[in-house]
Amino acid sequence: MHVPETAAMELHDVNLILTVSILSAWQNIYFARKVSMIRNKHNIRHGSTTGHTEFETVYYANQNLQQYYSTFLVLLWGAGLFTSQVWAASIGLLYLFARQRYVKGYLGPATCRPPGFFFAKRTMMTLSGLVAIGLLNHCLKRFLGVEFDDYVANIAQAAPAVLLFV
Amino acid sequence: MHVPETAAMELHDVNLILTVSILSAWQNIYFARKVSMIRNKHNIRHGSTTGHTEFETVYYANQNLQQYYSTFLVLLWGAGLFTSQVWAASIGLLYLFARQRYVKGYLGPATCRPPGFFFAKRTMMTLSGLVAIGLLNHCLKRFLGVEFDDYVANIAQAAPAVLLFV
Amino acid sequence: MHVPETAAMELHDVNLILTVSILSAWQNIYFARKVSMIRNKHNIRHGSTTGHTEFETVYYANQNLQQYYSTFLVLLWGAGLFTSQVWAASIGLLYLFARQRYVKGYLGPATCRPPGFFFAKRTMMTLSGLVAIGLLNHCLKRFLGVEFDDYVANIAQAAPAVLLFV
């Protein structure tokens, strides 16, 4: 699962994170269509970002997610390459569910919005923590010659669970 | 051309899609300069998104393309790694031409806009279809042990042509 | 440092540019929090992009940087894979400093803004130049069989310094 520093990268080592990336790209297209559909429903002209509350909230929710999309991809691949591909892909998948819930929440009443937002934030932070562990391990190995690989393998098993649910 | 699952990835396996990515990055810079030039031409202050019809349409066209940029990159790399790099790069190149036409269309009268938009949408959908074929093949191979590689090689040759022109 | 075309890519060959990418992702999160903090400070409702000059300038600065983020990532990885990882990562790091200075500049008086902007533009252009050298070398090697690798290794050592400081 863990890509050794001196071994060649294989498609096998990145197939899960690549799959999650592709799913997220399709989800982006789905969200963009949703926004476009609601735009047409309320006859709002192209380029305009205001006109009807339903459109404004969905447009804003989508913008908000797109703003973090590149950041999410970098964290996903960073976590996948520096620690464990399986964990990175799993948390990435949870993030996609969080995004779905976030947009669905914005289509409903205002009280439905917080869960999706906090879930998305939590999964993003977990991914960020996993990247930090992987980066620290990589630097320790490179500059101090310390081999924490076994520990990291264990931490990478436990940490996401801790970060997600505590 | 096709990256075998168990073989190491080489620069040779991604050089075409990397080149298309770089070209798209340069095109982004070109579009941003175009927007900036038209902004200065009409003396619109930085940060403002309104003020003159020409500026508003070009600004909107660029925003619209940038919104899909990360999605395009993920689909390009997904198609390139899961199916054929040559097809992915070719369709990616067509998408870049479509983007150029889209922005040029927005600089002219409103009747010139549809062709670029539909061409861009069509190429994006083709890339998306190619990714779907590659992902399906990868999953079948992994979970069922079925080897459709030869079929996929053939489908990947034919499908883009079918998706693009039908 | 330079990835040979026929050799397998290893994590070792991309660890520096991956690290810079991760740092840039964390910086994105930091900027987004800064914008959110200033939004709350002035009690501006979510989705609104106007209301107070301080918020508007920081919001605009962040938008402006995010617009170039994917482009930056592609150029970083293009330069890292086609020329030298060390140079690409170094210039990428300079770009991150430039971004920091850019946003800090927007938090101060209007006269503080130009340095960050020009520094960011300069580093982006340097990265772009490095990519161009790498791409040219790659094409020459592939289509003409000319091996400029030694020259490129030398140019890649000198060019960034020239592009940055001249």
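Between the side chains of A:Tyr106 and A:Asn64, not a single donor N or O lies within less than 3.5 Å of an accepting N or O.
Against chain B, the residues from residues 27-34 of chain A that qualify, each with a non-hydrogen atom under 4.5 angstrom away, are A:Asn28, A:Ile29, A:Ala32, A:Arg33 in number order.
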Residues A:Ser90, A:Leu94; criterion side-chain contact (heavy atoms from CB on, under 4.5 Å); working and verdict: CA-CA 6 Å; A:Ser90 312; A:Leu94 281 179; over 6 Å; no
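Between A:His138 and A:Phe82, a ring centre-to-centre spacing shorter than 6.0 Å is recorded. Aromatic pair A:Tyr59/A:Phe55: ring centres closer than 6.0 Å.
Of the listed residues A:Ser21, A:Ser70, A:Ser24, A:Ala25, the one with more heavy-atom pairs under 4.5 angstrom with chain B than any other is A:Ala25.
Contact of B:Tyr69 with chain A is not made at all, since no heavy-atom distance falls under 4.5 Å. Contact annotation for B:Ala61: neither backbone nor side-chain heavy atoms come within less than 4.5 Å of a heavy atom of chain A. For B:Gln67, the parts lying near chain A are the backbone and the side chain together; criterion is any non-hydrogen pair under 4.5 Å.
Not a single donor-acceptor pair under 3.5 Å links the side chain of A:Glu54 to the backbone N or O of A:Ile38.
Residue pairs meeting the salt bridge (charged side-chain N to carboxylate O under 4.0 Å, His left out) criterion with at least one partner in residues 80-89 of chain B, sequence neighbours excluded, are absent.
In this structure, NE2 in A:His52 is found 7.5 Å from NZ in A:Lys41, a value given to the nearest 0.5 Å.
When all heavy atoms of B:Ile17 and B:Gly80 are compared, the closest pair comes out as CD1-CA, 4.0 Å.
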